[in-house]
Amino acid sequence: MVNLKLTRLRATAGALAALLILGGCAQGLGGGTYSRTEARRAMTVQFGTVESVRGVQLEGTKSPVGTVAGAAVGGIAGSTIGGGRGQAVATVIGAVAGGVAGAAVEEGVTRTQGVEVTVRLDNGQFLAVVQADEGEGFRPGERVRVLRDAGTTRVTR
């Protein structure tokens, strides 16, 4: 009996730790964040003037980790209720509810603030770029660079 309680406690602690780690798993989406594959790759550079800036919210990640961790915690919690078939039903319900809750927690924890920067390029075209807000504080009238590479576009100074 003591062994079963200890095992449940360890499993719950492990699942909660996985949920807490999720915040560190989010990939940076700001103008100064590059993936390893973008290193040593040529980018097209254009210059322009900021026309407008507005705050936006970037939704969080939706990986299986939050769902699985939540399902593990919910299943363990559900298995402590009742006995026999009732316990089995509670375990399944707990796992499903935990999975839904875990996915929501992951998305919420990894959600970030962003900015939409509208730039009038020197050739007269307008371009709006959404990226994570890394505190650049872009202002209308400011000169900026627009970097493009294989589907990735960012605004920098």
Side-chain angles (χ1 to χ4, degrees), residues 1-44 50-119 126-138 144 146-157:
M1 185 68 168
V2 174
N3 221 4
L4 181 59
K5 286 184 181 180
L6 185 59
T7 301
R8 286 181 180 165
L9 180 62
R10 285 181 181 163
T12 302
L16 288 173
L19 281 173
L20 292 174
I21 291 170
L22 289 175
C25 294
Q27 180 179 350
L29 298 172
T33 305
Y34 290 81
S35 69
R36 290 186 61 77
T37 59
E38 290 176 304
R40 299 175 63 188
R41 186 183 293 174
M43 301 184 108
T44 301
V50 174
E51 288 290 316
S52 66
V53 180
R54 73 180 184 109
V56 298
Q57 190 168 29
L58 302 174
E59 66 182 22
T61 59
K62 295 174 181 156
S63 73
V65 176
T67 304
V68 171
V73 171
I76 291 166
S79 70
T80 63
I81 298 171
R85 289 182 187 211
Q87 184 179 26
V89 170
T91 300
V92 171
I93 290 172
V96 171
V100 171
V105 167
E106 176 188 10
E107 198 278 331
V109 166
T110 58
R111 190 177 300 147
T112 59
Q113 291 300 112
V115 290
E116 176 190 83
V117 183
T118 302
V119 178
F126 283 90
L127 183 69
V129 179
V130 175
Q131 60 191 39
D133 187 354
E134 293 182 337
E136 297 97 335
F138 294 114
V144 292
V146 176
L147 301 149
R148 296 183 191 196
D149 173 37
T152 301
T153 304
R154 56 178 52 91
V155 178
T156 65
R157 287 195 168 83

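If you're wondering where the values come from, they're calculated on a predicted model, not measured in any experiment.
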Can you list the steps and then say if Val119 with Val129 is a side-chain contact (heavy atoms from CB on, under 4.5 Å)? CA-CA 8 Å; Val119 178; Val129 179; 5.8 Å; no
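- Considering every non-hydrogen atom in both Val115 and Val56, the closest pair reads N-CG2, 3.7 Å.
- When atom types are taken as modelled, the side chain of Gln113 and the backbone of Gly55 share no donor-acceptor pair closer than 3.5 angstrom.
- Take Arg85 and apply the side chain to side chain donor-acceptor pair (under 3.5 Å) test, not counting sequence neighbours, and it matches no residue.
- Here Glu116 pairs with Arg54 under the side chain to side chain donor-acceptor pair (under 3.5 Å) rule; sequence neighbours left out.
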Would Leu58 and Val130 count as a side-chain contact (heavy atoms from CB on, under 4.5 Å) if you check the C-alpha gap in whole Å, the side-chain angles of each, and the deciding distance to 0.1 Å? CA-CA 9 Å; Leu58 302 174; Val130 175; 3.7 Å; yes
Return a table of donor-acceptor pairs under 3.5 angstrom between the side chains of residues 89-104 and protein atoms on other chains or two or more places apart.
from  : atom 1 : to    : atom 2 : distance (Å)
Thr91 : OG1    : Ser79 : N      : 3.4
Thr91 : OG1    : Gln87 : O      : 2.8

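- Remark: Gln57 CD to Asp133 CG distance equals 12.0 Å, nearest 0.5 Å.
- Scanning both residues, Phe138 and Val117, for their nearest heavy atoms gives CD1-CG2, 3.8 Å.
- Scored by the salt bridge (Lys or Arg N to Asp or Glu O under 4.0 Å) test, Arg148 finds no partners at all (sequence neighbours excluded).
- Considering only residues two or more places apart in sequence or on other chains, Thr118 meets the side chain to side chain donor-acceptor pair (under 3.5 Å) condition with Ser52.
- The line from CZ of Arg154 to CD of Glu134 is 9.5 Å long, rounded to the nearest 0.5 Å.
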